[in-house]
There are 2 protein chains.
Amino acid sequence: MNNWVGMTEEQAGIVQKARKRVIESIGKNMDLYGVTLSTGHLYGMMFFQDKPMTLDEMGEEMGMSKTSMSTGVRTLTDLKMVHKVWEKGMRKDLYEVEPDWYQTFADFFVIKWQKSIEMNVQALRKSLVELRRLAEEDPGNEALQKVVATDTRKLEEAIRYYLWLGRLIDTFESGEIFKLVPKEEPPADSH
Amino acid sequence: MNNWVGMTEEQAGIVQKARKRVIESIGKNMDLYGVTLSTGHLYGMMFFQDKPMTLDEMGEEMGMSKTSMSTGVRTLTDLKMVHKVWEKGMRKDLYEVEPDWYQTFADFFVIKWQKSIEMNVQALRKSLVELRRLAEEDPGNEALQKVVATDTRKLEEAIRYYLWLGRLIDTFESGEIFKLVPKEEPPADSH
DNA sequence: TCGTACGTACAGAAAAAACTTTACAAACGT
DNA sequence: ACGTTTGTAAAGTTTTTTCTGTACGTACGA
């Protein structure tokens with residue numbers, strides 16, 4: 001994993017242990033991003049790598065098959081947590097961790113949540129149209145009117161929520177979120 | 001699932017189809033919250049229920065065992081997406097969907113992400129301390145100093161990110177997020 | 001053009017998760 | 001106090017997912 005030359009066995013061990021703790025913590029918590037434990041572990045491992053890695057190197061480091069590395073890296077690149085690096089005269093693909101975690105977080109929402117929002121809004125709108133038409137066709141039917149009114153209200157409320165969620169994620173995409181919640185903690189107001 | 005009395009077979013079918021589309025869309029996208037498809041489906045079904053449900057009713061409606069309903073509801077209540085309702089003279093537990101989806105969204109982050117942040121920051125801080133001590137103990141060792149400096153920088157950067165993420169989620173918890181990104185779309189600025 | 005190396009699709013094996021059945025403890029009504 | 005009913009724990013089954021090994025298409029170098 002590294003060049004431990006120039007350090008004692010003990011020193012190298014301490015560094016490795018410190019890294020391992022972080023790697024496992026990151027890996028364990030990456031299920032929030034919908035990735036498996038081992039893919040999270042792969043990400044954590046790559047985080048400490050100072051240069052881009054090949055699939056073979058990852059497999060060696062993780063003690064897993066190259067195929068697994070391929071699928072793991074694919075997942076991570078789809079989420080823009082890892083990206084491919086070009087190096088002249090290098091036949092193998094090289095990958096490295098995207099170092100800007102703020103951007104990684106934002107990208108995750110834009111990629112995953114935005115799509116989810118679109119799907120849900122589409123379904124909601126379609127059902128809403130159907131229900132409204134149904135109500136129009138039989139205005140005298142009180143039972144029908146009541147059911148449709150209840151459902152319609154729920155769907156409209158849900159759409160409003162998703163629109164808000166979309167606007168929130170827009171602030172991630174545009175970077176405006178960092179004006180609203182600054183990266184640097186603002187100094188305490190002294191009064 | 002409902003009282004279809006007073007409606008024709010066809011009308012009831014249209015309403016059911018409209019609901020089904022929404023239920024499945026919601027269910028499918030709830031993997032973002034880390035719940036299974038069927039639990040998401042359960043949630044979607046309960047969303048259209050106008051009164052609190054018992055486990056038996058859920059089982060009937062979902063065509064699944066009561067035990068599954070029990071665990072599903074447990075998952076949803078832990079996420080505060082569903083809550084228990086008390087009704088006098090009722091032996092069975094009653095549950096209903098939390099209707100405020102903005103709050104549900106916020107709760108999810110406070111519950112899941114906040115914990116993840118705490119765990120990661122703790123691991124990062126611990127490793128950071130160990131590395132700093134290690135560097136202090138052998139200031140002349142250039143190889144060691146270099147490795148530790150690199151890792152230390154990464155860990156510090158990661159902690160800064162998590163602190164930001166924590167502040168972001170604080171705005172969810174306090175409701176301040178709704179001042180930053182209003183629920184109502186602000187009217188277009190006319191200039 | 002041929003041969004070799006690389007990444008991944010595919011099929012099968014292993015592991016994990018979801019779901020059901022059974023069993024039981026707690027709570028309630030009589 | 002007793003008999004029911006309710007919710008869930010535990011064990012077992014089924015389904016799904018993850019991981020490996022093999023096979024193959026593609027691209028590059030000679």
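Atom set for the values below is all heavy atoms of this structure, side chains included, hydrogens, waters and symmetry mates excluded. Everything numeric in this text was worked out from a predicted model, so none of it was measured. Throughout, a chain's letter reflects where its sequence line sits, starting with A, and its residues are numbered from 1.
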Please give, in whole Å, the distance from [N] [atom2] to [X] [atom1]?
X: M64(A); N: dT17(D); atom1: CE; atom2: P; result: 17 Å
X: W86(B); N: dC28(C); atom1: CH2; atom2: C1'; result: 12 Å
X: R91(A); N: dG3(C); atom1: CZ; atom2: P; result: 15 Å
X: D93(B); N: dA27(C); atom1: CG; atom2: C1'; result: 11 Å
X: L55(B); N: dT5(D); atom1: CG; atom2: P; result: 17 Å
X: L37(B); N: dT15(D); atom1: CG; atom2: C1'; result: 13 Å
X: E57(B); N: dT6(D); atom1: CD; atom2: P; result: 11 Å
X: M90(A); N: dA27(D); atom1: CE; atom2: C1'; result: 15 Å

### Message
Could you work out, with side-chain contact (heavy atoms from CB on, under 4.5 Å) as the rule, every residue matching T150(A), not counting sequence neighbours?
### Response
K154(A), D50(B)

### Summary
Across all chains, not counting sequence neighbours, the salt bridge (charged side-chain N to carboxylate O under 4.0 Å, His left out) partners of R160(B) are E157(B)

### Message
Checking D107(A) now: which residues fulfil salt bridge (charged side-chain N to carboxylate O under 4.0 Å, His left out) with it, not counting sequence neighbours?
### Response
none

### Message
Strictly by ring-ring contact (aromatic ring centres under 6.0 Å, His included), give each pair with a member in residues 116-139 of chain B just once, sequence neighbours left out.
### Response
none

### Query
Restricting to pairs with a member in residues 13-40 of chain B, which pass ring-ring contact (aromatic ring centres under 6.0 Å, His included), not counting sequence neighbours?
W113(A)-Y33(B), Y33(B)-F108(B)

### Summary
The nucleotide from dT20(C), dT4(C), dC28(C) with an atom nearest the side chain of S65(B) is dT20(C)

### Task
Would you please confirm or rule out a distance under 4.0 Å between OP1 or OP2 of dT5(D) and any side-chain N or O of K92(B)?
no

### Message
Can you tell me if K66(B) touches the phosphate of dT6(D), counting only side-chain N or O atoms and a distance under 4.0 Å to OP1 or OP2?
### Response
no

### Message
Need one value for S38(A): base, sugar-phosphate or nothing, where a base atom within 4.0 Å counts as base even if backbone is also close, heavy atoms only.
### Response
sugar-phosphate

### Message
Near DNA chain C, counting only heavy atoms under 4.0 Å, which residues of residues 67-76 of chain B show up?
### Response
T67(B), S68(B)

## Note on the structure
Axis-to-axis angle across the helix from dT1(C)-dA30(D) to dT30(C)-dA1(D), five pairs each end, nearest 10 degrees, ~ 20°

### same_hphob_cluster(I177(B), L163(A)) at 4.5 Å side-chain heavy-atom cutoff
yes

For residues 94-102 of chain B, dump all side-chain donor-acceptor pairs below 3.5 Å to protein atoms at least two apart in sequence or in another chain.
from	atom 1	to	atom 2	distance (Å)
E96(B)	OE2	H83(B)	NE2	3.1
E98(B)	OE2	D100(B)	N	3.2
D100(B)	OD1	Y102(B)	N	3.1
D100(B)	OD1	Q103(B)	N	3.1
W101(B)	NE1	Y43(B)	OH	3.2

### Query
Which salt bridge (Lys or Arg N to Asp or Glu O under 4.0 Å) pairs, counting each pair once, include a residue from residues 2-18 of chain B, with sequence neighbours left out?
none

### Task
May I ask you to decide whether R132(A) forms a salt bridge with E156(A), counting only side-chain N to carboxylate O separations under 4.0 Å?
yes

